[in-house]
Visitor: 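Quick one: the structure is below, questions incoming.
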Amino acid sequence: MKNISRRDFLKGSAATVAGAAALGLLSACSTNEAPTAVPTDDKFDKECDFLIVGYGLAGEAAALEANDIDPNAKICILEKMEEAQAGGNSIASGQTVIVPAPDDLDTFKRYLIACSQPNPIPEEYIDFMAKEFSDQRGWIQATVDKVGYELGYVGGGPVAWGSLVTEFPDLDGSSFKGCSAHVRKAGTTFEYGGVWRGFDLAVRDRGENIELMFSTAFTNLIQNLETKEVKGVVAKGADGKEIRIKANKGVLLACGGYENNLQMQRDFHGMDLVYTGGTPGNTGDGIHALMNTGAKIWHMKNQTQSGGFWLGIKVPDHEATFMRNFSMAGKSWIEVCADNQRFYNESAAYHRQHMKFKEYGHYVDLPHDRALPVDLIFDEKTRTAGAIVTKWLSWPITTEGYVWSDDNSEEIAKGWIIKADTIEELAGKLGRDPEALKATIDAYNAGCKSGHDAFGRSIETMEPIDTAPFYAVGITPTLVATTGGAERNVKAQVLDWNDNPIPNLYEAGELGSYVSNLYQNGMFLAEAIATGRAAADTAFGGRSTVTAEVSGEVEEKIDITKKPDGTYDQLIKGNHGEYTLRATVEGGKITNLEIVSGRENMFMEDDQLKAFFDEVITGQNVEVDAISGATLDSNNLLDALKAIFK
């Protein structure tokens, strides 16, 4: 009964979030009834030229673009979260902005078209994304340069065209040239939240004409019900007082999706239980409001959850989840589903394709949403081998600053991880059938012994679950983003069901994203910038002329055959401490690579490091692709190799 209560608590807490959303405590709705847009009566408490709802990257880009066009315009930005919690998913993301090479846009467009199947979007939208993603790098650089930031390659170095790590390499167009770009403090290699932080400093640098209103929740749009023109918004401040704000040139909704609204997940995606790994503030506020205005809603349920169902660990102390480690340090572990059976290959590198795998020839989401309840079961060997969560990703870590213990002991002490002396006792605490769970683990252990796994798991990732104590923690589907919202055209205008723009209403970013199925890393942040700027351009009838030169040349090829025989050490100053790479060269070839000090300062897992080294040695090439899921360390290693062989 005790551990049935644990599971009931998790479901109960999710229901509480959903219930609070319906009551307006977490969402745009101020009552428990679905409101309609507020009719205009020309009574306002405040007035501005352009009003932006949401202070993520899309909202920042829109404000900066509008200020470029008209420095005297009064711009107001509403953000429901307190200032320390601002940034939306932009600040908690992997920080990649995709930039396709200008001379290879046709290939990139073919890839976008392939990713959108079987829910294609208009060709005009594909053209817009390709052109804007390629062209906007100059504006980004010029915008952040004034505040000491720069646009460069993720992990360090300049923007340089090459073959990207495409998540779906079998799709048409996946060979497009481009760059995974990043905004960070000038002269550094990477900064957590760097893209949002650089733009935030740029916004604040513009002066008082851009007003930031934190802890101010948008509750509804004010609309002329005859002309359908949006005149402003209704919002509620931290003091609970309602305020009506007039927006002369229009309202931009850039307030994210509905990841943290369980009721909407159940209604629109059929989810039983799901959480967010990003901002808790994304509760569908904009979607409620858009529906009220008669907007054409799309992408609420695509063939896949575009950002993927990630493997979340939800604990009572945090509203957003931690992420189960992509590459577990220990090997003695499995996941079991509702019937106490294993149900998929747990150790595959799904994170390299935003948690997708192929079934019947199509990319689909992992099966956890239809396998609940799911538990991660492991023994003492895995407990001491390393943290069971990814320690550089998810809101509790990136934004709230929680540090998960390396041996998981603190989390056991908190009661987040269940502990037992036997498998049967563990099953009882989980409310599972002891005999069934024991039989599943016995079958897994037999596979370890025989060297063959029924689910195709690599034997190199497997060890018997046989060393007491034994442990379990619940795994729930976790979202990094949703793409549902209103359809918008390439001017960022919200469309009604007759495909006509709703006057003075705009949309940008994740809310109503163009991404209709498979998501390629770097798309969301690039789209946030492009659509935020498009909204400002349309509202103000202009276009920013701010730009700067950004290199896009391919870096000089490095000839490793000219390096004399010997061993070469290169110190790497990583984000979490220093480590040293050693390369051995014999007969003009790289014969060995190893980390000789500071291995504990890397997030890259052993199997990822081995795969990276193998690729370099096999190809005799120091310009290989970064390992997905370990981009920072990969790029640091690549920079070190280039330094050795230049």
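None of the values given here were measured: they were computed from a predicted structure. Reckoned from all heavy atoms, side chains included, excluding hydrogens, waters and symmetry mates.
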Visitor: Do the side chain of Gln141 and the main chain of Trp139 share a donor and acceptor less than 3.5 angstrom apart?
Guide: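 Between the backbone of Trp139 and the side chain of Gln141 there is no qualifying donor-acceptor contact (under 3.5 Å).
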Visitor: Let me see the working for Arg184 and Glu150 under salt bridge (charged side-chain N to carboxylate O under 4.0 Å, His left out), right down to the final yes or no.
Guide: CA-CA 6 Å; Arg184 67 285 178 118; Glu150 67 181 9; 3.1 Å; yes
Visitor: Indicate, with yes or no, if the rings of Phe322 and Tyr402 have centres closer together than 6.0 Å.
Guide: yes
Visitor: Check for a donor-acceptor pair, side chain of Glu259 on one end and backbone N or O of Leu479 on the other, with a separation under 3.5 Å.
Guide: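 No, because the side chain of Glu259 does not come within donor-acceptor range (under 3.5 Å) of the backbone of Leu479.
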Visitor: How far apart are the closest heavy atoms of Cys337 and Ala371, and which atoms are they?
Guide: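 For Cys337 and Ala371, the tightest heavy-atom pair comes out as CB-O, 3.3 Å.
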Visitor: Could you check whether any side-chain N or O of Asp375 sits under 3.5 Å from a backbone N or O of Ala472, counting only pairs where one atom can act as donor and the other as acceptor?
Guide: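 No, Asp375 side chain to Ala472 backbone: no donor-acceptor pair under 3.5 Å.
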Visitor: Given 3.5 Å as the limit, does a donor-acceptor pair link the side chain of Glu335 with the main chain of Phe343, or not?
Guide: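 Side chain of Glu335 to backbone of Phe343, a donor-acceptor pair under 3.5 Å: no, none is there.
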Visitor: Report yes or no: do Thr382 and Ser332 form a side-chain donor-acceptor pair below 3.5 Å?
Guide: yes
Visitor: Please find the pair of heavy atoms, one from Cys448 and one from Pro464, that lie closest to each other, and give the distance.
Guide: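 Nearest heavy atoms, Cys448 then Pro464: SG-N, 3.7 Å.
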Visitor: Show the nearest heavy-atom pair for residues Ala329 and Ala385, with the distance to one decimal.
Guide: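 Here Ala329 and Ala385 meet closest at CB-O, 3.5 Å.
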Visitor: Checking side chain to side chain contact (heavy atoms under 4.5 Å, CB included) against Ile590, which of Ile644, Asn621, Val616, Thr618 comes through?
Guide: Val616
Visitor: Hey, is the main chain of Trp404 close enough, under 3.5 Å, to the side chain of Lys391 for a donor-acceptor pair?
Guide: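 Yes, the answer is positive, given that a donor and an acceptor are paired below the 3.5 Å cut-off.
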Visitor: Given side chains that start at C-beta, do those of Val315 and Lys414 come closer than 4.5 Å, heavy atoms only?
Guide: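 Result no, sub-4.5 Å side-chain heavy-atom pair not found.
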Visitor: Among Tyr344, Phe309, Tyr363, which residue meets the ring pair (Phe, Tyr, Trp, His ring centres under 6.0 Å) test with Tyr350?
Guide: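 By the ring pair (Phe, Tyr, Trp, His ring centres under 6.0 Å) criterion, Tyr350 pairs with just one of Tyr344, Phe309, Tyr363: Tyr344.
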Visitor: Between the side chain of Glu346 and the main-chain N/O of Ile334, is any donor-acceptor distance below 3.5 Å?
Guide: no
Visitor: As an exercise, state the distance from NE2 of His368 to OG1 of Thr478, rounded to the nearest 0.5 Å.
Guide: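 Here the interatomic distance stands at 10.0 Å.
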Visitor: Using the benzene-type ring in the case of Trp, are the ring centres of Tyr519 and His354 under 6.0 Å apart?
Guide: yes
Visitor: State plainly whether the residues Asp127 and Lys131 are in salt-bridge range, i.e. N to O under 4.0 Å.
Guide: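 No, no charged N to carboxylate O under 4.0 Å.
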Visitor: Would you please test Met604 and Leu637 for side chain to side chain contact (heavy atoms under 4.5 Å, CB included) and show each step?
Guide: CA-CA 11 Å; Met604 181 181 276; Leu637 290 170; 4.1 Å; yes
Visitor: Under 30°, 30 to 60°, or over 60°: which ring-plane class applies to His351 and Phe326, parallel, tilted or perpendicular?
Guide: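 Rings of His351 and Phe326: parallel, under 30°.
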Visitor: Among Glu191, Arg197, Lys185, which residue meets the side chain to side chain donor-acceptor pair (under 3.5 Å) test with Tyr149?
Guide: Glu191
Visitor: Please examine the side chains of Asp607 and Lys610, heavy atoms only from C-beta on, and report whether any two atoms are closer than 4.5 Å.
Guide: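 The answer is no; the side chains never approach within 4.5 Å.
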Visitor: Honestly, is Lys563 close enough over Tyr568, meaning NZ or CZ under 6.0 Å from the six-membered ring centre and within 45° of the axis?
Guide: yes
Visitor: Would you say the side-chain atoms of Lys331 pair up with the backbone N or O of Lys381, donor to acceptor, closer than 3.5 Å?
Guide: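 Not confirmed, Lys331 side chain does not pair with Lys381 backbone.
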Visitor: Can you check whether Phe168 reaches Ser174 side chain to side chain, under 4.5 Å on heavy atoms?
Guide: no
Visitor: Give a yes or no on whether Glu594 atom CD has more than 12 heavy-atom contacts from other residues, nucleotides or ligands under 6.0 Å away.
Guide: yes
Visitor: Work out which heavy atom in Ile465 is nearest to a heavy atom in Asp379; give both atom names and the distance.
Guide: CA-OD2, 3.6 Å
Visitor: Pair Ile313, Ile475 - check side chain to side chain contact (heavy atoms under 4.5 Å, CB included), show working.
Guide: CA-CA 5 Å; Ile313 295 178; Ile475 300 291; 3.8 Å; yes
Visitor: So which heavy atom on Ser175 is nearest to which on Thr107, and how close?
Guide: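 Heavy-atom minimum between the residues: OG-CG2, 4.0 Å.
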Visitor: Taking atom CG of Leu112 and atom CZ of Phe128, what is their separation to the nearest 0.5 Å?
Guide: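 The CZ atom of Phe128 is 12.5 Å from CG of Leu112, to the nearest 0.5 Å.
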Visitor: Taking Arg383 for the side chain and Asp407 for the main chain, is one N or O donor matched with an acceptor at less than 3.5 Å?
Guide: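 Checked: pair present.
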Visitor: Could you tell me whether Trp333 and Tyr444 have their ring centroids closer than 6.0 angstrom?
Guide: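 Between Trp333 and Tyr444, the centre distance exceeds or equals 6.0 Å.
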Visitor: Will you find, in the side chains of Glu380 and Tyr471, an N or O donor that is under 3.5 Å from an N or O acceptor?
Guide: yes
Visitor: Please say whether more than 12 non-hydrogen atoms of neighbouring residues, nucleotides or ligands are located less than 6.0 Å from NZ in Lys358.
Guide: yes
Visitor: Verify, without hydrogens or angle tests, whether Asn517 (side chain) and Ser116 (backbone) share a donor-acceptor contact under 3.5 angstrom.
Guide: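 Judged by distance alone, no pair lies under 3.5 Å.
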Visitor: Tell me whether the guanidinium CZ or amine NZ of Lys314 lies under 6.0 angstrom from the six-membered ring centre of Tyr275 and within 45° of its axis.
Guide: yes
Visitor: Are side-chain heavy atoms of Trp310 and Met355 found at a separation under 4.5 Å?
Guide: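 Side chain of Trp310 against side chain of Met355, heavy atoms only: contact under 4.5 Å found.
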Visitor: Is it the case that Thr166 and Gln520 place a side-chain donor and acceptor less than 3.5 Å from each other?
Guide: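 Thr166 vs Gln520: no donor-acceptor pair found between side chains.
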Visitor: Out of curiosity, Leu437 CG to Gln341 CD, how far, rounded to the nearest 0.5 Å?
Guide: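 CD of Gln341 is found 9.5 Å from CG of Leu437.
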Visitor: Starting at CD of Glu527, measure out to CG of Leu57 and round the result to the nearest 0.5 Å.
Guide: 11.0 Å
Visitor: Restricting to non-hydrogen atoms, name the atom on Ala387 and the atom on Asn408 that form the minimum distance, rounded to 0.1 Å.
Guide: CA-OD1, 3.5 Å
Visitor: Please check this pair: side chain of Asn601 against backbone of Glu578, looking for a donor-acceptor N/O pair closer than 3.5 Å.
Guide: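 Side chain of Asn601 to backbone of Glu578, a donor-acceptor pair under 3.5 Å: yes, one is there.
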Visitor: Just verifying a value: how many Å separate Leu105 CG and Asp135 CG, rounded to the nearest 0.5 Å?
Guide: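 Taking CG in Leu105 and CG in Asp135, the distance rounds to 7.5 Å.
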Visitor: Any Lys/Arg nitrogen of Arg110 or Asp104 sitting under 4.0 Å from an Asp/Glu carboxylate oxygen of the other?
Guide: no
Visitor: After noting the C-alpha distance and the side-chain angles of Ile91 and Trp395, does the key distance pass the side chain to side chain contact (heavy atoms under 4.5 Å, CB included) rule?
Guide: CA-CA 9 Å; Ile91 200 170; Trp395 188 265; 3.9 Å; yes
Visitor: Run the numbers on Thr143 and Gln136 for side chain to side chain contact (heavy atoms under 4.5 Å, CB included), then give the verdict.
Guide: CA-CA 11 Å; Thr143 298; Gln136 65 191 10; over 6 Å; no
Visitor: Between Ser597 and Thr580, does any side-chain donor sit less than 3.5 Å from a side-chain acceptor?
Guide: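 Yes, side-chain donor-acceptor contact under 3.5 Å.
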